[in-house]
Amino acid sequence: MKNFGKYILFLISLFERREKLKTYFSLTINECIKIGYDSLFIVSIVSIFMGAVTTIQTAFNLVGPLIPDYVISLVVRDMTLLELSPTIIAIVFAGKVGSNIAGELGTMRITEQIDALEVMGVNSSSYLVLPKIIAALLMFPILVVISATLAIFGGYTAGVFTDVITGQEYIYGLRYEFNPFNIPFALIKSYVFAFIVASISSFQGYYTSGGALEVGKSSTNAVTNSCIAILVADYILAQILL
Amino acid sequence: MIEIKNITKSFKDKKVLHGISGKFEKGKTNLIIGASGTGKSVLLKCLVGLLSPDKGKVLFDGRNFTESDKKITTQIRREIGMLFQGSALFDSKNVEENIKFPLDILTEISEKEKIEKVNHCLNLVGLDKVNQKMPSELSGGMKKRVGIARAIVNDSKYLFCDEPNSGLDPLTAIKIDDLILELTQKLKTTTIVVTHDMNSVIEIGEYIMFLHNGKKLWEGDNKKILKTKIKELNSFIFSNKLMKKIK
Ligand SMILES: Nc1ncnc2c1ncn2[C@@H]1O[C@H](COP(=O)(O)OP(=O)(O)O)[C@@H](O)[C@H]1O
Ligand SMILES: [Mg+2]
């Protein structure tokens with residue numbers, strides 16, 4: 001509870017004493033590359049397999065003469081948009097980007113780089129953390145869209161390849177009774193998760209004290225705390241929005 | 001000149017600094033010495049505003065750093081340069097960007113002028129052809145030099161150094177000390193150096209403040225220090241065999 005209060009104060013401190021906007025612009029671009037572009041590979045791999053596995057498993061569990069094949073892709077579509085792409089990718093994101101953020105800030109803290117910024121009169125939390133949060137908010141929804149596309153594509157490939165569904169039926173299922181609200185829902189989730197991962201990981205890293213061992217601990221805490229917060233937020237959002 | 005009055009600082013229930021006062025003059029290398037854990041770094045952090053003292057005042061040429069309004073503290077901050085114990089260079093920036101950083105943040109001068117200043121400072125600290133190197137490619141001594149260059153690049157009036165010799169071999173350590181002394185005299189900075197290295201004390205101690213368990217026990221210069229009668233200071237000075245022999 002005390003930590004939660006500190007976390008809120010930390011978030012407020014991001015908006016005090018800011019630097020010139022121009023400074024943030026280039027920092028944010030750099031972070032976008034680190035946070036977004038560099039995560040593309042892992043997100044793609046995870047997504048393609050996620051879609052493929054969901055297709056095969058759904059097909060396996062839905063055998064029966066009464067159920068048409070297109071239900072498979074319908075299930076893949078809804079699961080991907082509602083849960084898999086935003087949430088699973090958020091967990092992957094926490095593992096990759098969250099640990100990276102906490103490690104970077106933790107190292108800057110223990111090697112006095114953060115103190116060096118403060119001595120120069122820079123609001124170090126705002127200077128270091130705000131670009132990361134903005135970059136995460138910009139890039140993560142894009143990653144989720146890419147992920148959903150690739151997962152559905154992965155499902156198609158796996159389905160057709162293993163003969164559990166024809167390409168035509170897969171596409172038919174994708175379009176069948178599509179609820180357009182699922183897309184904004186996925187995007188809302190992705191904004192919330194991006195903020196959770198970037199801010200919690202930054203918080204953990206920024207308040208590291210001690211040595212290399214503590215930096216490692218901060219990274220681990222960043223990932224575990226982000227994951228817990230993601231799952232809690234996932235539940236709350238489902239309650240509110242669905 | 002920097003003047004401190006009755007600086008007191010506690011962490012939770014642990015009192016680290018017990019009302020420290022003193023004067024650090026311009027154009028001189030002022031040393032704060034003492035064993036590890038006596039609060040030297042905490043005092044330095046109170047001086048540069050990284051920590052705020054519970055009680056007491058820090059005056060930069062008469063301007064109160066601890067209580068003044070934001071305009072004055074911002075102005076004082078611009079005049080402060082600090083060399084950190086581990087140099088604290090920004091890992092993600094090369095040498096030139098590191099030294100240029102305070103200018104980017106604090107000034108509005110053109111890019112060309114910035115680069116000129118960077119090269120001038122690199123020259124002052126005795127480095128060349130390292131502009132594009134990353135901190136990870138530099139030796140400990142070179143990192144300290146870059147750290148010093150970054151600390152003075154914005155024409156700092158006040159130079160703070162926390163253990164500038166730590167992690168350096170004796171020869172490099174002396175060179176860094178000499179550099180600090182030389183720059184202090186050349187640039188007329190008010191320089192405060194925290195150290196527990198007796199070599200530095202003898203070499204560059206124009207004013208020395210001795211801390212013991214968070215209290216100021218002695219002040220003077222490098223000529224008087226060897227004749228002191230204070231027990232704690234004596235055991236600090238003559239803790240190594242070489243110094244005993246010299247005595
Ligand atoms: N942020 C802090 N929180 C709590 N205690 C601290 C903090 N910083 C320093 N201390 C304590 O203050 C004392 C003096 O530390 P320091 O000034 O770093 O010593 P040194 O003279 O070696 O530089 C130490 O006992 C240290 O544990
Ligand atoms: Mg220290």
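Chain naming here is simple, since letters A, B, ... match the order of the sequence lines and numbering starts at 1 in each. All of these numbers come straight from a predicted model, not from anything done at the bench.
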Worksheet item: Is it the side chain or the backbone of B:Arg150 that comes within 4.5 Å of chain A heavy atoms, both, or neither?
Response: side chain
Practice prompt. Counting only heavy atoms closer than 4.5 Å, note whether B:Asp104 contacts chain A via side chain, backbone, both or neither.
Written response: backbone
Fill in: Segment of B:Leu50 engaging chain A (4.5 angstrom heavy-atom cut-off)
side chain
Practice prompt. Examine distances only and state if a side-chain atom of B:Arg77 and a backbone atom of A:Val122 form a donor-acceptor pair shorter than 3.5 Å.
Written response: no
Discussion item. Please classify the contact between B:Leu83 and chain A as side chain, backbone, both or neither, with a heavy-atom cut-off of under 4.5 Å.
Written reply: neither
Practice prompt. Verify the neighbour count for atom CZ of A:Phe181: are there more than 12 heavy atoms of other residues, nucleotides or ligands below 6.0 Å?
Written response: yes
Item to complete: Examine A:Tyr127 together with B:Phe101 and report whether their ring centres are nearer than 6.0 Å.
Response: yes
Worksheet item: For chain A, which of B:Ser92, B:Ala88, B:Ala151 has the most heavy-atom pairs under 4.5 Å?
Response: B:Ala88
Worksheet item: CG of A:Leu9: more than 12 outside heavy atoms within 6.0 angstrom?
Response: yes
Worksheet item: Most heavy-atom pairs under 4.5 angstrom with chain A, which of B:Thr74, B:Leu89, B:Asp162, B:Val48?
Response: B:Leu89
Identify every side-chain donor-acceptor pair in residues 132-149 of chain B under 3.5 Å, counting partners at least two apart or on other chains, and give the distances.
unit_1	atom_1	unit_2	atom_2	d
B:Gln132	OE1	B:Asn94	ND2	3.2
B:Glu137	OE2	B:Met134	N	2.8
B:Ser139	OG	B:Met142	N	3.4
B:Lys144	NZ	B:Gln85	O	2.6
B:Lys144	NZ	B:Glu163	O	3.4
B:Lys144	NZ	B:Pro164	O	3.3
B:Arg145	NH1	B:Val125	O	2.8

Discussion item. Under the criterion side chain to side chain contact (heavy atoms under 4.5 Å, CB included), I'd like the reasoning laid out for B:Asp91 against A:Glu104: C-alpha separation, chi angles, the key distance, then a yes or no.
Written reply: CA-CA 10 Å; B:Asp91 298 321; A:Glu104 181 188 325; over 6 Å; no
Practice prompt. Look at B:Gly86, B:Pro102, B:Gly81 and state which one has the largest set of heavy-atom pairs under 4.5 Å with chain A.
Written response: B:Pro102
